[in-house]
Amino acid sequence: MVQKITSVTAVEQGVYPVPDIPIKALLGAIPSHCFERSLLRSSTYIFWDFFVIGCIYKGASALDPLIDPRYIHLPHPLVYSALRFTLWALYTFGTGLFGMGIWVLGHECGHQAFSNSKTVNNIVGFILHTSVGVPYHSWRISHAKHHASTSHMTQEQAYVPHTRSELNLPPLKQGQEDLLGSRVSDVVRRELYDALGDSPLGAITTTIFYLLAGWPAYLLFNTSGQKRYPMGTSHFNPSSPMYASRDYNQVVISTIGIAAWASSIATAIYHNGLGTVAVIYLIPYLWIHHWLVLITFLQHTDPILPHYRAAAFTFSRGALSTLDRSLMGDCGSIMAWLGAHATHGLAETHVLHHVCSKIPHYHAWEASAALKEKIAGYGLPHEGRPIGWCEFYRVLKECKFVEDEGDVVFFKNEEGVAVMRPAFHDGST
């Protein structure tokens with residue numbers, strides 16, 4: 001509820017109960033068999049994903065020649081082109097969606113959740129991730145740091161919020177706005193909106209950039225990554241600060257793998273033409289990384305989620321500062337099922353994944369249900385709105401910056417308003 005008090009906007013904020021749940025208690029709530037990993041069972045999912053992608057390709061290839069006046073009568077010649085375009089657009093969508101499943105299985109290898117063998121995990125993960133343009137070891141190492149420091153303002157590796165000072169916003173004006181974002185004067189609101197407000201077109205443009213170029217930009221330039229890292233930080237630079245000296249060779253090997261991947265694409269273009277390779281592989285590749293950014297951004301970014309500074313951070317607090325969401329759940333139950341099936345429940349069991357990343361996806365549903373039962377009485381938000389473009393747009397508009405002060409901070413919007421405030425067990429905020 002928002003009410004006007006003279007020239008001040010006052011917001012009735014939600015309360016986030018900062019948890020003090022030991023990680024041992026969270027893990028203890030999960031059935032023991034959920035921690036078991038099977039190479040055979042995990043491998044069947046690789047076969048299934050590639051089998052479905054092959055069927056999609058065969059289906060599109062078989063239907064394409066039938067879009068012809070000899071077989072079907074359509075009212076105008078352009079309708080044949082439109083129908084053929086639609087067919088191959090559906091191919092790229094389906095291939096990209098199940099290609100995201102391939103990415104998920106490579107991600108499980110990086111967490112050693114694929115099998116009991118670290119060697120097998122790393123070989124399979126390297127092959128799977130390289131096939132979708134991911135430098136396996138380079139990202140595996142930085143991603144492990146993300147799990148160790150989820151939502152930590154100075155240790156987190158991805159989707160790190162901008163602070164007021166980083167955006168060169170005016171300092172907090174005592175008396176006209178409060179640190180928690182519950183009261184903001186109209187003057188300050190207008191001032192912040194002038195600095196941060198997006199036109200609908202600008203917000204849509206930003207959304208498109210994030211979804212299509214956000215992942216390569218993060219890998220190459222640390223875009224949206226840890227702010228304290230210097231210029232030149234990259235997943236392809238073994239001297240980048242997120243890597244230790246022992247990681248050097250693995251980063252080099254990953255970079256060689258991506259160079260070989262890029263060379264294969266260039267060779268395919270030379271022999272088959274850009275148009276063919278774009279439809280068969282490059283556009284599905286963009287779909288994969290569109291899904292990756294869409295899912296992971298919304299798992300970790302929402303005005304109801306906290307971020308922690310060192311004094312308040314614990315591993316369990318970071319793990320519980322994420323959201324489960326239904327991929328394509330805004331498009332109905334059938335699309336929600338398809339999204340969860342194709343991507344192996346990546347979006348739907350994410351809180352559990354941060355509590356224990358070694359649980360394979362085929363046990364994650366049961367483990368997630370047990371974990372939710374454990375934390376149900378703590379009042380923590382753990383279910384977000386369904387994942388889709390509209391939700392991405394909403395969150396992008398509502399999550400603009402956090403304050404430079406405070407051990408537990410929440411996003412403020414383009415007018416300096418926050419919808420949540422923290423509460424500790426001792427009653428402090």
Side-chain angles (χ1 to χ4, degrees), residues 48-103 131-133 199-217 261-295 326-343 386-393 396:
W48 176 250
D49 287 342
F50 279 113
F51 174 75
V52 172
I53 289 171
C55 288
I56 294 171
Y57 173 74
K58 286 293 187 180
S61 299
L63 289 173
D64 184 272
L66 301 179
I67 304 175
D68 187 280
R70 293 174 295 172
Y71 302 106
I72 54 173
H73 176 71
L74 296 173
H76 192 279
L78 290 178
V79 179
Y80 292 95
S81 298
L83 190 57
R84 188 171 288 110
F85 175 86
T86 302
L87 172 67
W88 287 102
L90 289 172
Y91 159 82
T92 65
F93 172 83
T95 299
L97 188 61
F98 279 86
M100 182 63 198
I102 296 296
W103 183 95
S131 73
V132 291
S199 66
L201 180 59
I204 291 171
T205 302
T206 302
T207 297
I208 293 172
F209 171 80
Y210 260 97
L211 294 179
L212 294 184
W215 173 247
W261 166 79
S263 298
S264 298
I265 293 174
T267 301
I269 291 172
Y270 177 79
H271 289 288
N272 301 287
L274 176 60
T276 298
V277 176
V279 172
I280 301 302
Y281 182 84
L282 292 178
I283 297 176
Y285 163 83
L286 290 177
W287 270 114
I288 292 171
H289 292 158
H290 152 274
W291 294 122
L292 174 58
V293 173
L294 185 65
I295 293 169
S326 172
L327 179 59
M328 299 193 294
D330 56 342
C331 298
S333 59
I334 293 177
M335 294 302 288
W337 173 85
L338 178 62
H341 172 74
T343 60
I387 292 177
W389 294 335
C390 292
E391 177 65 357
F392 190 96
Y393 177 87
L396 204 62

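Remember, predicted model here, so these are calculated numbers, not experimental data.
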Peer 1: Counting C-beta onward and ignoring hydrogens, is there a side-chain heavy-atom pair between Ile102 and Ile288 closer than 4.5 Å?
Peer 2: no
Peer 1: Tell me if a side-chain donor or acceptor on His289 pairs with a main-chain N or O of Gly214 at a distance below 3.5 Å.
Peer 2: no
Peer 1: Output every pair passing salt bridge (Lys or Arg N to Asp or Glu O under 4.0 Å) with a member in residues 271-286, not counting sequence neighbours, ordered by first then second residue.
Peer 2: none
Peer 1: Under the ring-ring contact (aromatic ring centres under 6.0 Å, His included) test, which residues partner Tyr80, sequence neighbours left out?
Peer 2: none
Peer 1: Distance check, rounded to the nearest 0.5 Å: His341 atom NE2 versus Asp49 atom CG?
Peer 2: 7.5 Å
Peer 1: Applying side-chain contact (heavy atoms from CB on, under 4.5 Å), can you list everything that pairs with Ile334, at least two apart in sequence or on another chain?
Peer 2: none
Peer 1: Roughly how far, to the nearest 0.5 Å, is the OG atom of Ser131 from the OH atom of Tyr281?
Peer 2: 6.0 Å
Peer 1: Tell me the closest heavy-atom pair linking Met328 and Met335, and the distance in Å.
Peer 2: CE-O, 3.5 Å
Peer 1: Between Ala278 and Pro284, what is the shortest heavy-atom contact and its length?
Peer 2: O-CD, 3.9 Å
Peer 1: Tell me which donor-acceptor pairs under 3.5 Å the side chains of residues 69-76 have, and how far apart each pair is, sequence neighbours excluded?
Peer 2:
from	atom 1	to	atom 2	distance (Å)
Arg70	NE	Asp68	OD1	3.0
His76	ND1	Leu78	N	3.0

Peer 1: Could you list all the salt bridge (Lys or Arg N to Asp or Glu O under 4.0 Å) pairs where at least one residue sits in residues 270-291, not counting sequence neighbours?
Peer 2: none
Peer 1: Report the residues that fulfil side-chain contact (heavy atoms from CB on, under 4.5 Å) with Thr207, sequence neighbours left out, ordered by chain and then residue number.
Peer 2: Leu211, Phe392, Tyr393, Leu396
Peer 1: List for me each residue that meets ring-ring contact (aromatic ring centres under 6.0 Å, His included) alongside Phe51, sequence neighbours excluded, and say none if there are none.
Peer 2: Phe47, Trp48
Peer 1: Could you tell me which residues satisfy side-chain contact (heavy atoms from CB on, under 4.5 Å) with Ala268, sequence neighbours excluded, listed by chain and number?
Peer 2: Asn272, Val277
Peer 1: Any side chain to side chain donor-acceptor pair (under 3.5 Å) involving residues 55-64? Give me the pairs, sequence neighbours left out, ordered by first then second residue.
Peer 2: Asp64-Arg84, Asp64-Trp88
Peer 1: Among pairs that include at least one residue of residues 86-100, which meet salt bridge (Lys or Arg N to Asp or Glu O under 4.0 Å), considering only residues two or more places apart or in two chains?
Peer 2: none
Peer 1: Would you indicate whether the side-chain heavy atoms of Leu83 and Leu87 approach each other to under 4.5 Å?
Peer 2: no
Peer 1: How would you list all residue pairs meeting salt bridge (Lys or Arg N to Asp or Glu O under 4.0 Å) that involve residues 201-212, not counting sequence neighbours?
Peer 2: none
Peer 1: Output a table of donor-acceptor pairs, distance under 3.5 Å, between side-chain atoms of residues 90-101 and any protein atom two or more places apart or on a different chain; print 'none' if there are none.
Peer 2:
from	atom 1	to	atom 2	distance (Å)
Tyr91	OH	Ile280	O	2.8
Thr92	OG1	Ala89	O	2.7
Thr92	OG1	Trp287	NE1	3.3
Thr95	OG1	Tyr91	O	2.9

Peer 1: In Å, rounded to the nearest 0.5 Å, how long is the span from CD1 of Ile204 to CH2 of Trp389?
Peer 2: 11.5 Å
Peer 1: What's the shortest heavy-atom distance between Tyr285 and Val132, and which atoms?
Peer 2: CE1-O, 3.5 Å
